[in-house]
Structure formats: structure tokens, C-alpha cells
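Only one structure is covered here, and it is reproduced in the block below.
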Amino acid sequence: MTTTGLQISVEKRQGRFTLDADLALPDRGVSALFGASGSGKTTLLRLIAGLDRPDAGHVTLGARTLADTPSGTFLPPSQRRIGVVFQEPRLFPHYRVRKNLTYGMPAQARPRFDAIVRLLGIEHLLARMPGTLSGGEAQRVSIGRALLTDPQLLLMDEPLSGLDGARKQELLHFILTLVRDVNIPVVYISHDPAEITAIADHLVVLENGGVLASGALEDVLLRVDLTRQLGGFDAASLLDVSVVGHDIDYGLTELAVDSERRLQVPLHDAPVGSRLRLRIPARDVALALTAPTSTSYRNRLSARVQAVTPLPDDATAVEVVLALGEQRLRARLTRKSRDELGLAEGQAVTALIRSVAFDTR
Ligand SMILES: Nc1ncnc2c1ncn2[C@@H]1O[C@H](COP(=O)(O)OP(=O)(O)OP(=O)(O)O)[C@@H](O)[C@H]1O
């Protein structure tokens, strides 16, 4: 993990519920908080924002202490330099969009006004009243307003939940662009696995007020012990690759997983040398003990079996984690295939890859 941005060690009781969380989040990219309804996601976010006080513990952002119960430190939300976007856009109904955006904007954020407005595609809305905006437009204005407070951290509590499918995709696209272009870490609450897969770099899994897991998205998604909690996520691997070249005649792009392993995918418009992320569904990875000489599988990668684990909720299947050099690849096999292949840890195999998709980032 990169150096830590946000450190949280808090206890908070609410009725019969207790949040007891100890977490360090990276200082860049998107950290998703995931968990069932009532697991404590919003409670945690409110403690970070300063909307609630912890019963015990501390919250620090970079070198700044935001809350610390032993010393009685508690910065109010306005002094935390944290932008918050809620499920429902919260705009002043009697101010035009421009005024909503500039309300409370510190002088140092002024030079960024035009760029943020452009990034969010809200130039044409500046003279409108909030009541005339669609849900997606209003949410984009809310995000703009949060960014124009010049925050060091952006918190988003299910910002897409009030939107329909197409609007959701559109806003997701804006948020992705923003995360790439504006170098502010984001803590993003969602219980939608597809949304998290599209946006998050880091994943925190909460259950009953506790932190079950916190780590790089691809590492947490590999954890077989979390199969029940992560059931909604398509079992898949994320592979970092670089573009080696394009074969225009055959319509193929060659990618390098590392110095030894290559993949070919349908022509993909990205410059040679650029780095991309691939998503490979576990069910689209088959295994062979020897490299097959004739197969229509274009993509065969040498790999080593790292772990073979039964799936807690599926008596017929096992999950195989393969090491591809430094990276890992998941495969789902039937128990019968596992026995026929005699798979064991440390064994050399060939992974046959049926499909890959480019991650949206
Ligand atoms: N003011 C309150 N008084 C008593 N209990 C509360 C209060 N606010 C929240 N809770 C309880 O705290 C628990 C955690 O709530 P929280 O809103 O953090 O969950 P969540 O993970 O964000 O859920 P959701 O996905 O439904 O938004 C829930 O059991 C909730 O009922």
C-alpha cells in the first residue's frame, strides 16, 4: 500500500449497534466501503466527516488529527477539508447552480472552478435552479460543490443509488474521470459489486460494525474465506498488462503480463507501452497439465498452482489461485476436474483463457 492517507481507529455505539473499526486507507485512488445494509458504512463515513463523534479512538488525515478522544480533539466538519457527497443531492433550492457551486468556496479553489465544471459537464447548467435539474445533473453539481471546497479527501455515500441504469453509467463515467484527473483520495460507499469493481482500487469489507478485510481490490476479491460476503462479485482476476504491439492484419493487440507471458486480445486502441488492466472471469479460465499444441485458445499462460480451495457455498466447485509470476489468476473448476487433473499446490500448469475484458479505468 502507498503511504497512508486516512487512519481510523474508532468505537461508536448507536443503540444496539457498535462500530469498532481499525483501518488505514491509501492516500490516493478510490477506497470502497462495502458491506450489507446495517454493517456500519454510513456510521464510519460520518465519523470521518466529523458529523458524529467517536466514543473512543482517533481519526487522522495525513499529518492532521481530526479527532482524538484521549486529548479531546474534535475538528468540526467545516475544518476537516473533507468533501461529502450524499445519496441525495443536497443543494440550496433557492440558489442557482453557480451560486450553489461557489457557496463557501475558498479563494484557493477559485482557479479550478472552470476545470471542475467542465470535467463534470455542468457548464450549461450554471444558470439553472436546482429544482429543474434531473437526479444525475443535481448529483454532478453536488460533486462539483464538494470538490470546490478544496478538500483533501472526498467521501461519497452511494452517490449513484437514486439514479436509473443509464444515468448511473453516465455519472459513474464522470466520477471515474474525476478520480483520474483530480488527485484527491476518495472513500466510496456502495453495496453494488459492479460499481465497486468499476471504480475501486482498495476494498474494505464491513460486517456487523467490524472490518473483515481491507486491502487492494484484487487481493481482497481473491480471498476465498470471504466468498459469502463477496458472493455478489463475479469471481474474477484483475491483471496489470502493458501493450506490446498491434497486428492490424489479424486485428489483434499483444499484451505483456510480464517478461515471459503474453496475451492476444482483439485490437485495442491504446498506444504501445501503455499500461492497462484486464478483468478475467474465473469461469473463463481452464487448466491443462501440459501446454496443448492445438487448441483454439489463443491465450495460454504458464502458471503455478498456489492454492486449491473448496467453495463454502458450492459443493461441486473449487477455486484455484494460480501464480503468474508476481500476479495471480483465479480459476473455478468442478471438484471432478480437480481430481482428474490431480491438482496440487506448487504444480506447474497451463492456464487457458477464454475471455478477457478491459477494466473501465
Ligand atoms: N441514530 C441511531 N440510533 C440507533 N441506531 C442507529 C442510529 N443510526 C444508525 N443506527 C444503526 O447502526 C447500524 C449501522 O448503520 P449504518 O447506517 O452505518 O449502516 P450502513 O452499512 O450504512 O447501511 P445501509 O447500506 O443500509 O446504508 C444499523 O444497525 C442502524 O440501525
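Each ligand, and each atom within it, is numbered from 1 in the order the structure gives. The first residue in the sequence is number 1, and the count goes up from there.
Taking a cutoff of 4.0 Å between a charged side-chain nitrogen and a carboxylate oxygen, Arg330 and Glu319 qualify as a salt bridge.
If you chain together hydrophobic residues whose side chains sit under 4.5 Å apart, Val241 and Leu252 never meet in one group.
Arg64 is linked by a side-chain contact (heavy atoms from CB on, under 4.5 Å) to Leu61, Leu66, Leu75, Arg81, Gln152, counting only residues two or more places apart in sequence or in another chain. With sequence neighbours excluded, the residues that form a salt bridge (Lys or Arg N to Asp or Glu O under 4.0 Å) with Glu218 are Arg277.
Among residues at least two apart or in separate chains, side-chain hydrogen bond (donor to acceptor under 3.5 Å, both in side chains) pairs with a member in residues 92-107 are Asn100-Arg145.
Contacts of ligand 1 (protein heavy-atom distance under 4.0 Å) are Gln14, Gly15, Phe17, Ala36, Ser37, Gly38, Ser39, Gly40, Lys41, Thr42, Thr43, Glu158, His191.
In the model, Thr43 has a side-chain atom that pairs as donor or acceptor with a side-chain atom of Gln14 under 3.5 Å.
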